[in-house]
Amino acid sequence: MRTLGINTSSSARPVKAVLFDRDGTLVEDVPYNGDPGLVRPVDGAREALARLREAGIATGVVTNQSGVARGLLTEADVRRVNHRVDELLGPFDVFAVCPHGPEDGCRCRKPQPGMVLWAAGRLCTHPADLVVIGDIGADVEAARRAGAHGILVPTAQTRPEETAAADHVAPDLNTAVRAVLDGVPRGRVLVDERPVREAFTSGPGPGRCR
């Protein structure tokens, strides 16, 4: 395991955007949650996000929601929960949702990079200038495959082998964010909230990236 340290080099490449996993990272993990009333931010989430926004760094959410494919949730349920997350912790610049199941073979479900790449496009940010923060190996693997940087913030749900394999590990969100503010990790507006499968057939619209 390589524990994340604070990079004090003034030549570090600045981070332009940070994407967060939702359940277990920003809010308490409630399996297949379709009830906005059950949304509870994790300790330190508000403070961590405030630091990023004060520094002018865009924030977004990338979340697997296989409960839709399993018939346990509707996409409307997911939108309502995301709206509550945005009320409590926003405003986020982008939400990306994968509604597929693990056997669907989609390109957006983490650890595939589709959501990260799509969100980067929506934010007009190169993946190399973007960090993904999450609590399981799929989050940091999606970042790696997209050419972005991943930081693992382990929880009780994180498997030991995921922590051991992560390039960068932080004990909590605030530690991760303090490191991000010093530049990309070294080493190895709600703009939209549509399911990511639509991103492969429609673009961000003319004139959005300049």
Side-chain angles (χ1 to χ4, degrees), residues 18-46 48-49 59-119 122 132-146 148 150-163 165-166 172-173 176 190-201:
V18 178
L19 302 177
F20 293 86
D21 172 55
R22 194 189 80 182
D23 304 319
T25 300
L26 287 177
V27 299
E28 300 294 340
D29 189 7
V30 178
Y32 307 119
N33 183 28
D35 182 357
L38 298 179
V39 175
R40 299 285 185 274
V42 303
D43 290 343
R46 290 186 179 91
L49 288 160
T59 60
V61 177
V62 287
T63 178
N64 288 350
Q65 292 297 322
S66 67
V68 176
R70 300 174 196 268
L72 302 173
L73 298 168
T74 66
E75 292 187 5
D77 292 331
V78 175
R79 285 193 295 272
R80 283 192 291 270
V81 170
N82 282 344
H83 180 69
R84 182 58 175 160
V85 172
D86 199 58
E87 286 181 332
L88 293 172
L89 296 174
F92 290 97
D93 298 288
V94 65
F95 271 77
V97 177
C98 174
H100 303 114
E103 307 305 322
D104 290 340
C106 73
R107 293 178 289 176
C108 52
R109 178 178 168 82
K110 296 176 290 184
Q112 295 301 320
M115 276 196 290
V116 176
L117 292 170
W118 179 79
R122 297 297 297 181
V132 178
I133 298 177
D135 67 321
I136 63 173
D139 299 317
V140 294
E141 177 63 14
R144 186 191 67 79
R145 294 183 185 185
I151 299 176
L152 186 73
V153 179
T155 68
Q157 306 305 316
T158 311
R159 297 195 300 269
E161 58 268 29
E162 293 174 324
T163 304
D172 53 55
L173 280 180
L190 288 189
V191 173
D192 211 338
E193 199 185 24
R194 41 183 191 166
V196 171
R197 61 173 175 264
E198 297 178 18
F200 294 104
T201 57

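As a basis for the values below, the full set of heavy atoms in this structure was taken, side chains included, without hydrogen atoms, waters or symmetry mates.
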**Q** Which pairs with one or both residues in residues 27-43 pass salt bridge (charged side-chain N to carboxylate O under 4.0 Å, His left out), sequence neighbours excluded?
**A** none

**Q** For the pair V132 and I151, evaluate side chain to side chain contact (heavy atoms under 4.5 Å, CB included) and give the outcome as yes or no after the intermediate values.
**A** CA-CA 6 Å; V132 178; I151 299 176; over 6 Å; no

**Q** Quick check for you: to the nearest 0.5 Å, what is the distance between F95 atom CZ and T63 atom OG1?
**A**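 Going from CZ on F95 over to OG1 on T63, the span is 9.0 Å.
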
**Q** Say whether, by atom type as modelled, one donor and one acceptor occur between the side chain of T25 and the main chain of D135 under 3.5 angstrom.
**A** yes

**Q** Indicate yes or no: does K110 engage D21 in a salt bridge with an N to O separation below 4.0 Å.
**A**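 Result for this pair is yes, salt bridge flagged.
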
**Q** Nearest 0.5 angstrom please: C108 SG to L117 CG, how far?
**A**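 Reported value, rounded in 0.5 Å steps: 11.5 Å.
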
**Q** Does any part of the side chain of V94, heavy atoms only, come nearer than 4.5 Å to the side chain of V61, both counted from C-beta?
**A** no

**Q** Got a donor-acceptor contact below 3.5 angstrom from the N82 side chain to the R79 backbone?
**A**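 Such a contact is absent between N82 side chain and R79 backbone.
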
**Q** Could you tell me if T155 and Q157 have a donor-acceptor pair between their side chains, going purely by distance under 3.5 Å?
**A** no

**Q** Please report the shortest heavy-atom distance between P36 and R84, naming the atom on each side.
**A** O-CG, 3.4 Å

**Q** CZ of R122 to CE of M115: how many Å apart, nearest 0.5 Å?
**A**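 Between atom CZ of R122 and atom CE of M115 there are 15.0 Å.
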
**Q** Atom OG1 of T59 and atom CD1 of I133: how far apart are they, to the nearest 0.5 Å?
**A**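 Interatomic distance, T59 OG1 to I133 CD1, rounded to 0.5 Å: 10.5 Å.
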
**Q** For the side chain of D104 and the backbone of G101, is there at least one donor-acceptor N/O pair under 3.5 Å apart?
**A**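 The answer is yes, because a donor-acceptor pair under 3.5 Å joins these two groups.
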
**Q** Any donor and acceptor pair, going by atom type alone, linking the side chain of Q112 with main-chain N or O of R109 inside 3.5 Å?
**A**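 Flag not set: sc Q112 to bb R109 has no pair under 3.5 Å.
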
**Q** More than 12 non-hydrogen atoms from neighbouring residues, nucleotides or ligands closer than 6.0 Å to CD on E161, yes or no?
**A** yes

**Q** To the closest 0.5 Å, what do you measure between CD (Q65) and CZ (R22)?
**A**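 Interatomic distance, Q65 CD to R22 CZ, rounded to 0.5 Å: 4.0 Å.
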
**Q** Which heavy atom in F92 sits nearest to a heavy atom in D86, and how many Å separate them?
**A**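 So the two residues come closest at N-OD1, 2.9 Å.
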
**Q** Just so I know, are the side chains of D139 and L152 near enough to count as touching, which here means a heavy-atom distance under 4.5 Å?
**A**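 No, too far: nothing below the 4.5 Å cut-off.
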
**Q** Got a donor-acceptor contact below 3.5 angstrom from the T74 side chain to the D77 backbone?
**A** yes

**Q** Could you measure the distance from the CG atom of L88 to the CG atom of L26? Nearest 0.5 Å is fine.
**A** 11.0 Å

